[in-house]
Amino acid sequence: MDTFLIGLMAATLRVATPLLMGTLGELFAERAGILNLGIEGTMFFGAFVGFVVGGVTGSLWLGVLAAVLAGMLSGLLMAFLSVRLGVNQHVSGLGITLLLTGLSLFGFRLFYGEPRIPPAIEPFSRLSPFGQTPVLGPLFDQYALTYIAFGLVPVVWWLLYRTSFGLQIRAVGENPEAADAAGVNVYVTRYLALCIAGGLMGAGGAFLSLAQLGAFTYGIIAGRGWVCIALVIFGNWDPVKVLWGALLFGGVFDLQLRLQIIGLQLPYETFLALPYLVTILALAVAGRNAAYPAALLKPYRRE
Amino acid sequence: MHAIQMRGITKRFGPVIANNHIDFDLMRGEIHALLGENGAGKTTLMRILYGLYHADEGEVRVNGQVAHVAAPKDAIQLGIGMVTQHFALVPTLSVAENVVLGYTGSFRVNPQVARQKVAEAAARFGVEVNPSALVRHLSVGERQRVEILKALYRNARVLILDEPTAVLVPQEVDMLFQTLERLRQDGLSVIFISHKLYEVMTVCDRITVLRDGHVVGTVDKAATSQAELARMMVGRETFGVARQERKPQGEVLLRIENLSAVDEKGLPAIKGVSLEVGAGEILGVAGVSGNGQTELSHVLAGTLKPTGGRVLVGDRDLTLADPAQVSGMGVGRIPEDRHEGAIGELNVAENLALEYLGEFITAGMLDHQRIRRHAEQLIAEYQIKASPTDRMRTLSGGNIQKVILARALSRNPQVVIASQPTRGLDVGATEYVRSKLLEQRSRGAAVLLLSEDLDEVLALSDRIAVIYEGRIVGLIPAKEADLEQLGLMMSGAREGIRVEA
């Protein structure tokens, strides 16, 4: 049972990694007042670009960097549409998801045709600082990107609550008129927030293709982007609370895999649905007191 | 020495000229009023000075130098600060965070250091605030002080205040005036936008009057009078409506007994309110916004169910009546938010018929001919500047209010509930609405007037009730009302004396 529990915990950290990256990204966007529904497509695009660049150059880290840049580009596009042009954020976000999903699939065919076995690369290997030490060993047997994702939580917190940039983001997402009157450039702040957000989403996608799978498949993101949006609400737009949400979802996701292996007499779809059911439940409970950023979804225009 | 010189400022919004070649001078160390009706162009001019709008023509000089103010950031750099009518504060941030926002100096922001700096600035300028409080927990007066401090913290030497007293109770107004006096002694210049003559004459050194986007003139306080300013402002001699004193009070038509109700959040908003309004009487309910007036008017209109108490019109119980029953029983309602009382996408004729659709049915169908004739008649009678087929949303605020007035009053209701009937209207429309309410009174209707505008309550009411935190804290005949006493009651400082007038 101990090994079961420790294995579950270790895997939870792994499964939570892309969620955490995506959620921290979405949190940046939403704190600045932009709901970025492009997250699902941006993660998919990040997974694809990371995989291609990693495969072509042979450097996985170059792949990650390319995925981050690709994500930032997607953030820029979102910013252009929703901040500059003031397009409805639902429309522009979903549009970006459709665009980037299509673009990635198209690119994939250009590069790889239609192989029967998905092309694979040698993924990142894990760091195991504690080697075979009983509990700590397996627990810390993680990818570098996982360490980075969890390390990002205090960094994001610090950026939001201890810097002028974070203060501006929080102000712009609550009351852009007030921020503008105080001399904050609302547009620049939102552009930057969306770029950072996109970069994090891209990295989250690249983790899946370059670390966890070592491959790129059509279903690689499988709704994780939407889960991230739910986790932002679950975490009440707070980077630390968001961490617990990612761990909870990661835990349930891995638990269902393990339950399938144990061989309970239930259709496997039941297990597959479990994480999403937990998300809905958690949202129903946490979402009731959700304190949405007041300017979310509202394009800002000086009169 | 000039702090600000604006020359030939012109600003157009489509076909409308909001500012037409305006010249405006501000000296160092003076409090200068910009006086004018709503829509005269005061706020537009100041928004140009602060970089929120860009002038189509004209030149701005700050301390004698030509200045290009493209954004508020530039204005701040030039030592200009603005406190707008709608406070530009972020409610979820602390006072200190709001003050330093956009002016942090370094990338790192240590909350403790920020609080300390803000506390020091507050002490230096004599503006009383608590740096660690969240803005959403502050009263309106406190928020305004945060705004002023915000400007001063950015080294403002020119402070623009856009109708700063509109939201304050009289005591807060006094405090504001003391602050301004102190700042003037420190050599700052203040631009005070207002349409209240009394205040302008109290606190300002010079007054520039705007009308329809033009400068009517600039006068020294010592050399002018309220009457002259009023004349300059509206371009005619008469100002305000005349109310005839009348003795008799007829039978009680509206009786509110121990009424209670909760607000949107489920918190008690009115707590045991009892009022009686007689035939031929206007009972004014004075109070600062948010003390239960909204909920009271909703209960009386039938759109909010009370949690206790009764509402009687004549001898009929309307406590739990729905809006249709309320209007059917002869209650005319002028809602607080006029956009709530009218449907923007429907035309004027349809809006006018809306409460009485049953009367316009012929053979089971709406009779558009009759709806239209009905509208034409009311449009003429109430001087509405619109045609029956105009969509409601294309009308100006004053005309929307006239449509609502026509609908509510054309049936000669026994009881009229008027909530903030002149809020946001210009002087002409305001006078019209007030004269119509007085007409209802002469006709013998019982009028309950809920208004945050103390001048309005004083001008129209026979008796004045003061509402504070959902309770009636005073009820006095209008003749005996004095401003200070009302102000104290409105701010909850003193329980009023109940006088049955």
Could you pull out the closest heavy-atom pair between B:A88 and A:E177, with the gap in Å? CB-O, 4.5 Å

Side chain, backbone, both or neither: which part of B:L89 has an atom under 4.5 Å from a heavy atom of chain A? backbone

Neighbour count above 12 (heavy atom, 6.0 Å) for B:E264 CD: no

Is there a side-chain contact between A:W158 and B:R108, using heavy atoms and a 4.5 Å cut-off? yes

Of the backbone (N, CA, C, O) and the side chain (C-beta and beyond), which part of A:D180 lies under 4.5 Å from a heavy atom of chain B, both, or neither? both

Please name the pair of heavy atoms, one in A:A178 and one in B:V90, separated by the smallest distance, quoted to 0.1 Å. CB-CG2, 4.1 Å

So does B:E57 have more than 12 non-hydrogen atoms from other groups sitting under 6.0 Å from CD? yes

Please classify the contact between B:S106 and chain A as side chain, backbone, both or neither, with a heavy-atom cut-off of under 4.5 Å. backbone

Closest non-hydrogen atoms of A:A182 and B:R154, given as atom of the first, atom of the second and distance, are O-NH2, 3.4 Å

Flag if over 12 foreign heavy atoms under 6.0 Å of CD, B:Q116: no

What distance do B:F107 atom CZ and A:L159 atom CG have between them, rounded to the nearest 0.5 Å? 5.0 Å

Ignoring hydrogens, what is the shortest heavy-atom contact between A:R162 and B:P111? Give both atom names and the distance. NH1-CG, 3.1 Å

Hey, which residues of residues 80-88 of chain A are touching chain B, say heavy atoms under 4.5 Å apart? none

Mind jotting down which residue pairs meet the ring-ring contact (aromatic ring centres under 6.0 Å, His included) criterion with at least one end in residues 19-43 of chain A? Sequence neighbours excluded, please. none

Heavy atoms of B:L93 and A:A171 approach each other most closely as CD1-CB, 4.2 Å

Can you tell me which of B:Q77, B:K73, B:M82, B:E147 forms the most heavy-atom pairs within a distance under 4.5 Å of chain A? B:K73

Can you confirm whether more than 12 heavy atoms, excluding those of A:W226, are under 6.0 Å from its CH2 atom? yes

Can you see which heavy atom on B:L101 is nearest to which on A:A179, and at what distance? CD2-CA, 4.0 Å

